[in-house]
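Working notes for the structure below.
Chain naming here is simple, since letters A, B, ... match the order of the sequence lines and numbering starts at 1 in each.
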Amino acid sequence: MSLLDKDSNKVLIQGLGRDGSFQAERCIEFGTKIVSGVHPTKAGKKFKQNIPIFGSVNEAVNETSPDIGLIFVPAPFAADAIIEQIDANISVIVCVTEGIPIADMVKVNEYLKGKKTRLIGPNCPGYLIPEKKLKVGIIPGSIVKPGNVGVVSRSGTLTYEAIVQLTKLGIGQSACVGIGGDPINGTSFVDVIDMFEEDENTEAIVMIGEIGGIKEQEAAERIKNSVSKPVVASIVGQTAPEGRRMGHAGAVITGKSALASEKINSLKDAGVVIADSPTEIGQKVKELLKIK
Amino acid sequence: MSLLDKDSNKVLIQGLGRDGSFQAERCIEFGTKIVSGVHPTKAGKKFKQNIPIFGSVNEAVNETSPDIGLIFVPAPFAADAIIEQIDANISVIVCVTEGIPIADMVKVNEYLKGKKTRLIGPNCPGYLIPEKKLKVGIIPGSIVKPGNVGVVSRSGTLTYEAIVQLTKLGIGQSACVGIGGDPINGTSFVDVIDMFEEDENTEAIVMIGEIGGIKEQEAAERIKNSVSKPVVASIVGQTAPEGRRMGHAGAVITGKSALASEKINSLKDAGVVIADSPTEIGQKVKELLKIK
Amino acid sequence: MQLHEYQAKNILNKHNVPIPFGKVASSYLECEEIVKSVNGRSVIKAQVHAGGRGKAGGIKVVEGSEDAKKVAKEMLGSTLKTFQSGDTEFPINKVYVEEASDISRELYLALTMDFDEKCPVIIFSTEGGMNIEEVAEKTPDKIIKIHVNPLIGPSPYKIRNLLSQLNLGKKVSQQIFSIIQNLYEIFNSLDCTLIEINPLAVTENDKVLALDAKITIDDDSIFRHSDIKDLFDKTQMNQAELKALSSDLAYIKLDRGKVGCMVNGAGLAMATMDITIKAGTAPANFLDVGGSASEERIEEAYKIITSDRDVEIILVNLFGGILRCDVAAKGIINGFKNTNNSIPMVVVLRGTNSDDARLLLEKSDLDISFAEDLPSAAVEIRNKLGIS
Amino acid sequence: MQLHEYQAKNILNKHNVPIPFGKVASSYLECEEIVKSVNGRSVIKAQVHAGGRGKAGGIKVVEGSEDAKKVAKEMLGSTLKTFQSGDTEFPINKVYVEEASDISRELYLALTMDFDEKCPVIIFSTEGGMNIEEVAEKTPDKIIKIHVNPLIGPSPYKIRNLLSQLNLGKKVSQQIFSIIQNLYEIFNSLDCTLIEINPLAVTENDKVLALDAKITIDDDSIFRHSDIKDLFDKTQMNQAELKALSSDLAYIKLDRGKVGCMVNGAGLAMATMDITIKAGTAPANFLDVGGSASEERIEEAYKIITSDRDVEIILVNLFGGILRCDVAAKGIINGFKNTNNSIPMVVVLRGTNSDDARLLLEKSDLDISFAEDLPSAAVEIRNKLGIS
């Protein structure tokens with residue numbers, strides 16, 4: 001996971017309100033090197049006695065050289081925070097914030113083009129590399145285990161669901177990446193699948209998709225053409241009511257390609273093992289790895 | 001001049017009004033391969049009996065594969081025409097139009113970042129490569145002569161002035177490039193000087209600058225650091241009244257660096273031969289080439 | 001957030017998008033007055049948040065003010081159910097009264113977000129007045145799209161090129177050119193997710209008019225549009241869904257089964273619903289408490305779910321991430337205390353602070369079965385409901 | 001195109017940038033009324049297109065309406081010349097009357113285009129009320145710049161970071177934050193090349209106000225701002241320059257010498273002026289006919305140059321590119337015919353259709369010497385003027 005696993009893995013956290021502070025502590029507990037915080041009104045103070053808080057990302061970057069930025073800034077200010085981190089040349093940005101206006105993310109996405117920064121999210125649980133004790137986001141550290149299965153998911157909570165199953169079966173994870181449920185986000189299934197394909201520590205891939213959009217089909221296409229590792233996938237939303245908003249706009253059935261059945265067919269066609277329910281993911285991976 | 005001299009040198013002309021049509025004929029007379037025209041109301045017709053006119057750049061590109069685009073579109077629509085050509089992946093765009101709103105060009109310039117297209121102008125006479133019989137713009141074809149001196153200038157008419165002198169003295173030109181007088185333009189002195197430095201057919205460089213801005217100093221810096229070929233330069237506007245608009249906003253004295261004297265000092269410091277008046281450029285080049 | 005036609009047309013009018021003369025009315029007397037001032041054929045349209053009003057009887061042509069009075073009397077105070085609205089009956093509290101236009105041609109124009117291309121998209125079709133999804137399916141070549149760079153806006157050349165394909169004539173094309181630019185201005189400045197003009201009508205004398213207008217605003221952007229917030233018509237929404245919305249919860253009533261679902265995250269919601277079906281029943285509703293719910297919000301969520309009379313059992317499936325399970329447990333306990341109902345619960349709690357949460361719930365008086373994961377939750381539901 | 005302070009403040013007010021109470025007046029009676037309504041100390045400011053009004057007596061503080069009447073009587077109808085305006089006397093046709101504010105601090109805020117960085121720039125300084133160029137020269141660290149991505153607009157984080165460096169207090173910082181965003185909105189929507197608020201005042205009770213406002217609009221953008229075009233005050237411009245402008249010609253009167261210069265292109269203009277000095281005289285004016293002048297425009301140009309009484313000889317130096325020399329020659333001949341003056345000309349014609357042009361001019365009755373190039377033109381001028 002060279003794109004997400006930086007040499008130093010130094011993390012900056014922007015937004016140290018209730019959630020940001022709580023989650024920052026969990027990251028530190030897991031072993032993550034949080035080197036600085038950014039908060040408009042807490043500049044000059046310390047987080048957990050020893051982590052300096054700055055008023056701007058630029059100052060934090062100058063003083064503490066983070067590679068990775070983690071954003072908990074409230075939705076109205078989150079797009080600006082992403083741009084602030086892009087402008088400060090942060091390599092990987094994870095934006096956990098949910099509820100960012102679509103128009104803001106469309107503009108951020110356009111602004112990102114041609115830049116070197118990778119954005120994960122928004123509205124995502126971020127990522128975790130168990131072996132490296134690197135947790136950037138909110139995936140519970142207690143459920144993971146170092147190993148060789150890469151997990152990628154649009155849904156935050158289903159990411160955990162899959163991880164729990166794997167860990168219970170004694171199957172560890174090379175990395176777990178939640179790309180987020182928003183319709184406009186920075187990193188797609190294809191991006192993460194490419195990383196897993198290149199990653200030496202990854203032997204198999206778990207992908208959890210949803211109804212809506214065509215991102216799962218794009219992933220199927222990529223898997224078919226250039227992925228050598230075995231993939232287990234599950235698509236949720238088979239029983240979801242058509243045309244209604246399921247908590248986030250990405251999960252609306254907008255056309256035939258958005259249907260679960262269409263997605264499952266594409267994935268099957270790409271040689272992917274399908275878990276009919278996300279509760280069967282662990283078992284499917286176990287079978288797959290035994291067969292191998 | 002590999003960046004301006006494309007393999008096929010096929011030219012598209014956008015805007016075939018009075019000026020555009022007249023200048024297109026001059027380009028053809030010089031030997032330029034004009035393969036298509038674009039004009040909103042003349043689509044389907046022919047220019048000069050055999051050059052097809054299209055309603056959009058995309059169609060013209062699909063049908064005639066031009067490398068170079070030449071724009072005579074009126075100022076209110078010119079920025080949009082530039083974007084249309086950028087979106088159609090034209091390699092080199094010359095925009096002759098003057099009077100484009102500054103805000104439009106600022107946006108075009110930002111849009112250009114990261115794209116492969118090179119924009120020359122706006123408000124410029126374009127360029128001419130005598131040897132290749134390639135004339136993209138309005139530099140009079142009658143005054144040039146194939147040879148080994150590269151000419152670059154901010155001022156249209158002074159470009160011609162310099163060329164006439166050179167030709168009269170029997171000194172031919174490798175290429176003549178008018179980068180345009182607007183404060184926001186696509187190609188700078190530095191860009192063209194780099195091309196001349198790399199160009200095998202160029203032995204010496206003539207550069208005609210003006211008061212205002214810092215572009216001549218940037219050129220001086222580049223010449224000092226990485227140009228091996230001899231350079232003759234002239235800076236006009238020594239007698240221009242301070243702070244008044246001299247026909248285009250770029251020629252306003254905005255600070256010390258904008259002064260002619262400052263520019264001349266930087267260029268002298270970079271080893272450039274200064275022609276006190278643009279009327280002496282030819283003579284200076286002649287002396288320089290004899291000495292060599 | 002959806003706007004009524006009359007609200008959308010007011011916005012269109014302010015941004016110089018031509019509409020027929022029309023006014024909104026809340027009483028049949030107002031309606032009568034408007035038709036009198038129009039002095040001719042008029043159209044009376046029910047102002048409800050549902051598509052397909054025409055087929056359902058929500059759009060009526062009247063010849064004069066007497067006729068108008070009669071139609072308005074029938075419409076106002078009644079409800080409307082359309083093929084697009086499912087089981088919901090929308091109350092008609094307002095009608096829009098509009099001068100009838102002489103139409104020679106009906107076009108279709110919409111602006112929305114293309115999530116695959118990640119940018120705004122302008123959708124145009126010469127097949128206006130029909131169901132556009134049907135057009136898209138049967139004659140996809142009749143649908144033209146322009147993708148818009150969100151930082152540049154709609155390039156004039158793209159609009160020109162679109163129009164030049166259509167042979168609509170210079171006069172009509174020029175009007176549509178301006179209309180597209182003005183609609184984009186609205187789309188951008190009001191954070192719309194959809195502006196749909198269907199039909200965009202061409203009159204006998206070549207005037208282009210927006211005959212209908214649907215505008216949807218991105219809910220997540222409402223914080224910066226205080227004036228738009230006030231336009232929201234609460235009467236058009238299911239009351240439980242409205243209550244959920246006011247607590248920032250995503251609640252959807254489903255008329256299918258007996259299980260009330262409390263979950264966090266859309267993905268988990270969908271997996272949870274799938275499980276209720278495996279358990280031999282189906283969801284009665286589902287409520288997504290979202291990423292970082294407080295104790296108060298969870299309590300509200302509990303109250304909303306239990307107020308649904310279809311619910312015989314509640315399945316709570318929470319995975320603590322940014323959500324803390326202990327906070328959720330406290331909210332549920334408070335909800336139970338303050339409503340004092342006795343609906344049994346099956347609870348799956350995992351992730352952040354789930355052990356603390358379980359202890360809290362065990363100490364409470366709630367009728368709870370804990371499950372380790374979703375498949376065992378399905379078994380518990382079967383047992384509790386007596387499904388064999 | 002420059003706006004008057006009262007026009008600029010009207011725009012500021014519309015975009016929620018706070019200004020002191022004030023009104024424009026064209027007569028001393030109006031002025032008196034306004035001061036009465038203010039009921040206290042007021043400031044009367046001459047509305048002229050020149051900086052440095054204060055030092056030149058164009059800004060006066062008055063204590064009451066009697067005082068105001070007296071001051072307005074003196075100002076209105078007179079002219080003002082400032083150290084920034086050169087020799088030009090600006091007529092005072094209007095005054096702006098403003099309530100005096102209790103100022104505790106003067107700041108500086110401007111938005112302009114940074115041509116080197118090719119983007120808008122916000123310039124802020126705590127040293128307001130002074131000549132900002134002097135501040136820039138003497139204490140450059142007191143000037144803070146924010147560059148703005150023209151496609152994104154001013155990022156809030158950049159403004160916040162700017163303000164956090166200055167320790168202006170939360171209340172003042174918040175006001176300036178909004179003011180910067182609102183000013184950028186004006187800058188962007190009106191195609192400004194400059195908005196300068198100097199001073200941006202902080203009052204005794206921490207209110208932030210734009211005490212003065214200078215707005216300049218990009219002349220090339222006026223085609224899309226028809227409302228702004230109407231704001232242009234023609235009385236503030238040299239009449240010959242105005243005439244030139246209305247024909248799209250760039251004319252500048254220079255009080256230096258005897259040579260009227262007609263050229264095309266700014267570069268050639270500057271080189272031509274340099275040559276008049278080599279000829280032992282200096283330019284009386286110069287007129288740039290631009291890239292693609294028509295016969296009519298050239299005729300107008302000829303008339304404007306010859307109407308300058310300082311002109312004893314005309315130097316025409318045209319290099320045909322997009323401009324066609326034959327067209328120019330026809331324009332000059334028409335100008336000569338229709339004014340019938342006999343000012344001698346030295347003419348350098350090169351480039352597109354220059355041979356045709358020469359033939360046309362030779363056949364005319366104009367007193368013309370042709371020169372091959374600028375150095376020989378200088379010799380001709382010396383001869384004609386009898387300079388040895």
Count the heavy atoms belonging to other residues, nucleotides or ligands that lie under 6.0 Å from [atom1] of [X], then report whether that count exceeds 12.
{"X": "Y111(B)", "atom1": "OH", "result": "yes"}
{"X": "E25(B)", "atom1": "CD", "result": "yes"}
{"X": "K229(D)", "atom1": "NZ", "result": "no"}
{"X": "K278(D)", "atom1": "NZ", "result": "yes"}

What's the spacing between [X] [atom1] and [Y] [atom2] if we round to 0.5 Å?
{"X": "E280(B)", "Y": "L374(D)", "atom1": "CD", "atom2": "CG", "result": "11.5 Å"}
{"X": "M105(B)", "Y": "D220(D)", "atom1": "CE", "atom2": "CG", "result": "12.0 Å"}
{"X": "F115(D)", "Y": "I102(B)", "atom1": "CZ", "atom2": "CD1", "result": "4.0 Å"}
{"X": "I235(B)", "Y": "D274(D)", "atom1": "CD1", "atom2": "CG", "result": "11.5 Å"}

Report yes if the side chains of [X] and [Y] come closer than 4.5 Å at any heavy-atom pair, otherwise no.
{"X": "P101(B)", "Y": "D218(D)", "answer": "yes"}
{"X": "I275(D)", "Y": "T279(B)", "answer": "yes"}
{"X": "Y160(B)", "Y": "T352(D)", "answer": "no"}
{"X": "D116(D)", "Y": "K215(B)", "answer": "yes"}
{"X": "F319(D)", "Y": "I143(B)", "answer": "yes"}

Task: D104(B) and R224(D) ion-paired at < 4.0 Å - done: yes
Task: Engaged part of T193(D) at the chain B interface, taking heavy atoms whose separation is under 4.5 Å - done: side chain
Task: N353(D) versus chain B, the contacting section by heavy-atom distance below 4.5 Å - done: side chain
Task: Heavy-atom proximity to chain D below 4.5 Å, by part of E161(B) - done: both
- [ ] Under 4.5 Å heavy-atom distance to chain D, tell me which part of P76(B) shows up: side chain, backbone, both or neither.
- [x] both
- [ ] Test V106(B) against every option in E117(D), K118(D), M113(D) by the side chain to side chain contact (heavy atoms under 4.5 Å, CB included) rule and name the one that passes.
- [x] M113(D)
Which of [options] touches chain D most, by non-hydrogen pairs under 4.5 Å:
{"options": "I139(B), T159(B), I208(B), N109(B)", "answer": "N109(B)"}
{"options": "I100(B), V236(B), N185(B), V164(B)", "answer": "V236(B)"}
{"options": "I138(B), V96(B), D19(B), T157(B)", "answer": "T157(B)"}

- [ ] Mind listing the closest non-hydrogen atom pair of P150(D) and E110(B) along with its distance?
- [x] CD-OE1, 3.6 Å
Task: Largest heavy-atom contact set with chain B, pairs under 4.5 Å, which of G351(D), A271(D), C119(D) - done: A271(D)
